[in-house]
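Below, read A as the first sequence line, B as the second, and so on, with proteins coming before strands; counting in each chain starts at 1. Atoms considered below: every heavy atom in the structure, side chains included; atoms not considered: hydrogens, waters and symmetry mates.
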There are 2 protein chains.
Amino acid sequence: MSDDPPAPDAKLSRATAQRLSHYLRSLGSSARHGGTVSSVELAHAVGVSAAQVRRDLAALGHLGQRGVGYDAAGLANAIRKTLGIHREWRACLVGVGNLARALLRYRGFQDQGFQIVALFDTDPAKIGRLVEGLVVEPLAALATRVPELRIELGVLTVPSEPAQAIADALTAAGVKGLLNFAPVLLRTPPTVRVVAVDLAIQLEQLAFQVQLAGPSR
Amino acid sequence: MSDDPPAPDAKLSRATAQRLSHYLRSLGSSARHGGTVSSVELAHAVGVSAAQVRRDLAALGHLGQRGVGYDAAGLANAIRKTLGIHREWRACLVGVGNLARALLRYRGFQDQGFQIVALFDTDPAKIGRLVEGLVVEPLAALATRVPELRIELGVLTVPSEPAQAIADALTAAGVKGLLNFAPVLLRTPPTVRVVAVDLAIQLEQLAFQVQLAGPSR
DNA sequence: CGTTGTGAACTCATTCACAGCT
DNA sequence: AGCTGTGAATGAGTTCACAACG
């Protein structure tokens, strides 16, 4: 059910896009002996089959050279372009707790072109404070600051209860996407995309898998 | 590729298991008017189709009553049991940074039966410190403490570089599952399951989706 | 040679639609 | 009447296997 009639020519499934991110990561880290990678190498690095890699990469156009492999730099660029991270994305963070602080310190964001340019919180004790070089602003400032700073993405590191209301405020202020850490399903208009990260659910999945694997083998 | 010959009778796919987690969450929060839920209600709460809900729940046995719906309490129990979270899971946390602190405060863990019973770090400045009621221990203590405290799960909130070595140490110490926040693919024996949460990748996926949705609609 | 790109087969997942129970 | 459970249909995603190419 939900929404997505997967956009005009969106040839990439959700899963494929995720794998592209992984390929990209792996290209960056083992940044290349001869400037070229094979599908087998990438497959091994990311933990999928080589056929899968070739199928995924073929979807981006013909970047491989038969008998040789893929040019690492060219491939990285192509992936970044299709994922839409060849440019900068400006984001704000709502809810300045430990998780927010962890995200601010996390270099993975900066590296991939994500700039966190504003912090918001309701707690009067936090407003005005400097956190990782940014001043914490009141939630009410959202409406004017989001357009002012040309913020496109919002990261919600808030409790469940206020999450929907904050999502609504961000939507009204004009953000186009939300990264939600609160364990609730956010309702947004289809123009505002949501990606959810539910930490408790990940732990539950781990328990599930351990339970399965444990008894048997 | 990878491993899983999906365990003897594992009728649940990864995706189904995830949805079960969501149903469970939704059962808890909107904790019930008449003690009964319909597939339509659950579907709406979680954001999937009603048929999907029925298919998922039918896999757990016949807990629904035709013409009536599912008994909320019974359903929650059944889900907890199949997910393996009807009991307590003891976990340790390696790498005591902001993310670790955020996880420790996160009530979602305690609530679902996950007990974090030990903290480890390499930083001498942190060792011995008290964080959220737990003493930070040196990494070397892992080998003895994990069996001693009957720890089954390890949560890795460490940088990429030491992640694999720490995973190895946890494996050697006897943990059965790892929740990995470092953006690297961990190699473990098939007896040690891994669930990975890569925050940068989630942001990338958001950018991708926004990029798709933006131009068109 | 080695390695990509891809039709075809196949497996897994979701939706449809309705019979069957309460 | 209402709502579940499920066979059958459809769709998505993945692997196979090999032709095409440097």
Side-chain angles (χ1 to χ4, degrees), chain A residues 1-7 9-23 27 32-72 74-75 78-79 82 212, chain B residues 1-7 9-23 27 32-72 74-75 78-79 82 205:
Chain A
M1 77 158 344
S2 31
D3 30 291
D4 29 328
D9 61 290
K11 277 273 65 75
L12 307 189
S13 70
R14 213 68 51 104
T16 304
Q18 287 227 73
R19 283 194 300 269
L20 287 182
S21 276
H22 280 113
Y23 301 148
L27 283 170
R32 249 71 289 298
H33 36 66
T36 163
V37 231
S38 74
S39 57
V40 181
E41 291 173 312
L42 277 173
H44 181 257
V46 167
V48 300
S49 76
Q52 181 76 81
V53 173
R54 292 200 295 277
R55 182 71 70 185
D56 288 341
L57 298 187
L60 314 191
H62 296 209
L63 337 135
Q65 211 172 327
R66 301 188 187 217
V68 181
Y70 302 86
D71 172 60
L75 182 54
I79 293 178
T82 39
L212 282 188
Chain B
M1 71 155 356
S2 9
D3 29 291
D4 27 329
D9 61 288
K11 279 273 68 74
L12 309 190
S13 70
R14 213 69 51 104
T16 305
Q18 289 226 74
R19 283 193 300 269
L20 288 181
S21 276
H22 281 113
Y23 302 147
L27 283 170
R32 249 72 290 300
H33 36 64
T36 163
V37 230
S38 75
S39 58
V40 181
E41 291 172 313
L42 277 173
H44 180 258
V46 167
V48 299
S49 75
Q52 181 77 81
V53 173
R54 290 200 296 277
R55 182 69 73 186
D56 288 341
L57 297 187
L60 313 191
H62 297 211
L63 339 133
Q65 210 171 329
R66 302 190 186 211
V68 181
Y70 302 87
D71 172 59
L75 183 53
I79 294 178
T82 41
Q205 295 304 307

**Student:** Separation of A:Arg14 atom CZ from D:dG13 atom P, in whole Å?
**Tutor:**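 Nearest whole value for this atom pair: 10 Å.
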**Student:** For a quick test of reading the model, state the closest non-hydrogen atom pair linking B:Ser49 to B:Ala43 and the distance between them.
**Tutor:**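 Minimum heavy-atom separation between B:Ser49 and B:Ala43: C-CB, 3.7 Å.
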**Student:** Within the structure shown, what part of the strands sits under 4.0 Å from B:Leu60 by heavy-atom distance: base, sugar-phosphate, or nothing?
**Tutor:**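 Here B:Leu60 touches no strand at all.
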**Student:** Nearest whole Å is fine: how far is D:dG13 P from A:Leu12 CG?
**Tutor:**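 Nearest whole value for this atom pair: 10 Å.
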**Student:** Any side-chain N or O of B:Ser13 below 4.0 angstrom from OP1/OP2 of C:dC12?
**Tutor:**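 Result: no.
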**Student:** Without decimals, in angstroms, what is the distance between B:Gln65 CD and C:dG20 P?
**Tutor:**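 Answer to the nearest Å: 19 Å.
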**Student:** For B:Arg54 and C:dA17, is the shortest distance between a side-chain N/O and OP1 or OP2 below 4.0 Å?
**Tutor:**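 For C:dA17, neither OP1 nor OP2 has a side-chain N or O of B:Arg54 closer than 4.0 Å.
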**Student:** Respond yes when some side-chain nitrogen or oxygen of A:Gln52 is under 4.0 Å from OP1 or OP2 of D:dT15, and no when none is.
**Tutor:**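 So the side-chain polar atoms of A:Gln52 do come within 4.0 Å of the phosphate oxygens OP1 or OP2 of D:dT15, strictly under.
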**Student:** Taking the nucleotide of DNA chain D with the closest heavy atom to each, which residue, B:Gly61 or A:Gly67, is nearer the 5' end?
**Tutor:**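 By nearest-heavy-atom nucleotide position, the 5'-most residue is B:Gly61.
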**Student:** Would you mind reading off the distance between A:Gln18 atom CD and D:dT14 atom P, rounded to a whole angstrom?
**Tutor:**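 In whole Å, D:dT14 P and A:Gln18 CD are 11 Å from each other.
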**Student:** To the closest 0.5 Å, what do you measure between CZ (A:Arg19) and CG (A:Leu57)?
**Tutor:**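 Here the interatomic distance stands at 10.0 Å.
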**Student:** Distance check: side-chain N/O of B:Tyr70 vs OP1/OP2 of D:dG5, anything under 4.0 Å?
**Tutor:**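 Looking at the OP1 and OP2 atoms of D:dG5, one of them is under 4.0 Å from a side-chain N or O of B:Tyr70.
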**Student:** Which whole-number value in Å describes the distance from A:Leu63 CG to C:dT6 P?
**Tutor:**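 In whole Å, C:dT6 P lies 11 Å from A:Leu63 CG.
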**Student:** Which nucleotide, C:dT15, D:dT15, D:dT4, lies nearest any side-chain atom of B:Ser38?
**Tutor:**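 The answer is D:dT4, which lies nearest to the side chain.
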**Student:** Does B:Val68 or A:Ala15 map to a spot on DNA chain D nearer the 5' end, using the closest nucleotide for each?
**Tutor:**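 Mapping each residue to its closest nucleotide by heavy atoms, the 5'-most match is B:Val68.
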**Student:** Test for a donor-acceptor pair under 3.5 Å between the base of C:dG7 and the side chain of A:Arg55, counting only N and O atoms.
**Tutor:**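 When only heavy-atom distances are counted, A:Arg55 does reach the base of C:dG7 through a donor-acceptor pair under 3.5 Å.
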**Student:** What is the distance from atom NE2 of B:His22 to atom CG of B:Leu20, rounded to the nearest 0.5 Å?
**Tutor:**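 It is 11.0 Å, given to the nearest 0.5 Å.
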**Student:** Tell me whether the side-chain N/O atoms of A:Arg66 come closer than 4.0 Å to OP1 or OP2 in C:dT6.
**Tutor:**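 The answer is no; no side-chain N or O of A:Arg66 sits under 4.0 Å from OP1 or OP2.
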**Student:** Using a cut-off of strictly less than 4.0 Å, decide whether A:His62 has a side-chain nitrogen or oxygen near OP1 or OP2 of D:dC21.
**Tutor:**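 A:His62 to D:dC21 OP1/OP2: no side-chain N or O under 4.0 Å.
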**Student:** Quick one: is B:Ser39 getting a side-chain N or O under 4.0 Å of the D:dT4 phosphate, OP1 or OP2?
**Tutor:**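 B:Ser39 to D:dT4 OP1/OP2: side-chain N or O found under 4.0 Å.
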**Student:** Output the rounded distance in Å from CG (B:Leu20) to P (C:dA13).
**Tutor:**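 For the pair B:Leu20 CG and C:dA13 P, the rounded distance is 13 Å.
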**Student:** Write down the distance between CG (B:Leu57) and P (D:dT4), rounded to a whole number of angstrom.
**Tutor:**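 From B:Leu57 CG to D:dT4 P: 9 Å.
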**Student:** So B:Glu41 and B:Tyr70, side chain to side chain contact (heavy atoms under 4.5 Å, CB included) or not? Walk me through it.
**Tutor:** CA-CA 11 Å; B:Glu41 291 172 313; B:Tyr70 302 87; over 6 Å; no
**Student:** In Å and rounded to the nearest 0.5 Å, what is the CG to CG distance from A:Asp56 to A:Leu12?
**Tutor:**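 Reported value, rounded in 0.5 Å steps: 8.5 Å.
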